[in-house]
Amino acid sequence: MKRFLLLLRRELKLGLRHANDSLSAVFFFLLAALLFPFGVGPEAALLARIAAGVIWVTALLAAMLSFERLFQTDYDDGSLDLLAVAPVPLEAVVLAKSIAHWLTTGFPLLVASPVLALLLQLPPQAIGTLMLAMLIGTPTLSCLGAIGAALVLGARRGGVLLSLLLLPLLVPVLIFGVAAVEAGAAGLDATPRLAALGGFLVLAGGFSPWVSAVALRQALE
């Protein structure tokens, strides 16, 4: 456990050292979502109707901007070879990187989402559901992103491949995330949608370290 915490601290330090990457994702999230009122018009009712989808789609795209760098830097400078032979399972390395990715990218998106919700006229009673859905859904994006980043590591045009691989996996999170917020906006019980998001998180968190570790070992051979 101590080694895992040291590894997590290392990943957080690296993430903070490259804070521009996280800031770029947050700025993309804010700017892309704020373009929609210019495109569809400022009508409050229309913005409120599309707000949940806009926030979730832009959050997903913003997260995808950072997935490719999850392992690429360590792969390029040889650190990943050392981590693979370190007295810590490679699965723990993947888990630490996924947690650090969420803390430096997913969490800032979560914090910024209420601002967008207000600007896009999302009903105030849905903001709590939006925060809860993002709190459950964004770690799932980080876990799935680790799988995609490991699979395309070292490949040419890895960014394109990463998008093709990940989008089918991310769509269920998008669907249930939007459905939960829309249920909250309509005054309905969002618990079943949030429970589904929780199920995705458990599955992604359980399988991601193992699948990613296998892909990383193949990339390092």
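Counting begins at 1 with the first residue of the sequence. Quick note: numbers below take in every heavy atom, side chains included, and nothing from hydrogens, waters or symmetry partners.
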Query - Derivation and outcome, side-chain contact (heavy atoms from CB on, under 4.5 Å), residues D77 and D74 - result: CA-CA 5 Å; D77 65 13; D74 285 338; 4.3 Å; yes
**Report entry** R10 and S79: CA distance, side-chain angles, deciding distance, side-chain contact (heavy atoms from CB on, under 4.5 Å) verdict
**Finding:** CA-CA 12 Å; R10 170 190 180 270; S79 300; 3.8 Å; yes
Requested in this report: Apply salt bridge (charged side-chain N to carboxylate O under 4.0 Å, His left out) to the pair E91 and K97, showing each step before the final yes or no.
Outcome: CA-CA 10 Å; E91 289 81 1; K97 283 185 171 292; over 6 Å; no
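Both W102 and V111 are members of a single hydrophobic cluster when ILVMFWY side chains are connected at heavy-atom separations under 4.5 Å. Both V40 and V57 are part of a single hydrophobic cluster, where members link through side-chain heavy atoms under 4.5 Å apart. Linking ILVMFWY side-chain heavy atoms closer than 4.5 Å, directly or via other members, places V214 and V94 in two distinct hydrophobic clusters. With hydrophobic clusters built from ILVMFWY side chains whose heavy atoms lie under 4.5 angstrom apart, V173 shares a cluster with F107.
Between C143 and S98, the closest heavy-atom pair is CA-OG, 4.4 Å. The nearest pair of heavy atoms linking A25 to T105 is CB-CG2, 4.1 Å. Across L90 and A213, no two heavy atoms sit closer than the pair CD2-O, 3.7 Å. Pairing each heavy atom of A63 with each of L109, the nearest pair is N-CD1, 4.3 Å. Of all heavy-atom pairs spanning P108 and L103, the tightest one is CD-O, 3.6 Å. Nearest heavy atom pair, residue T58 against residue I55, reads OG1-O, 3.1 Å.
Counting heavy atoms from C-beta on, the side chains of L141 and F67 come closer than 4.5 Å. Here the side chains of L65 and S24 are not in contact, with every heavy-atom distance at 4.5 Å or above. Between L60 and L167, the closest side-chain pair of non-hydrogen atoms falls below 4.5 Å. Proximity of L220 to Y75: side-chain heavy atoms (C-beta onward) are separated by under 4.5 Å at one or more points. L7 places a side-chain heavy atom less than 4.5 Å from the side chain of L83. Residues V211 and S208 are not in side-chain contact: their nearest non-hydrogen atoms beyond the backbone lie 4.5 Å or more apart. The shortest side-chain heavy-atom distance between L153 and Q218 does not fall under the 4.5 Å cut-off. Two residues are said to be in side-chain contact when any heavy atoms from C-beta on lie closer than 4.5 Å; L201 and L197 fail this criterion.
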Exercise answer: donor-acceptor pairs, residues 112-131 side-chain atoms, under 3.5 Å, sequence neighbours excluded:
{"from": "S113", "atom 1": "OG", "to": "L110", "atom 2": "O", "distance (Å)": "2.6"}
{"from": "Q125", "atom 1": "NE2", "to": "A185", "atom 2": "O", "distance (Å)": "3.2"}

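Residue L144 holds its CG atom at 10.0 Å from CZ of F200, rounded to the nearest 0.5 Å.
Looking at W210, its side chain does come within 3.5 Å of a backbone N or O of G206 through a donor-acceptor pair.
Under the side chain to side chain contact (heavy atoms under 4.5 Å, CB included) test applied with L194, the options L132, L135, D189 reduce to a single match, L132.
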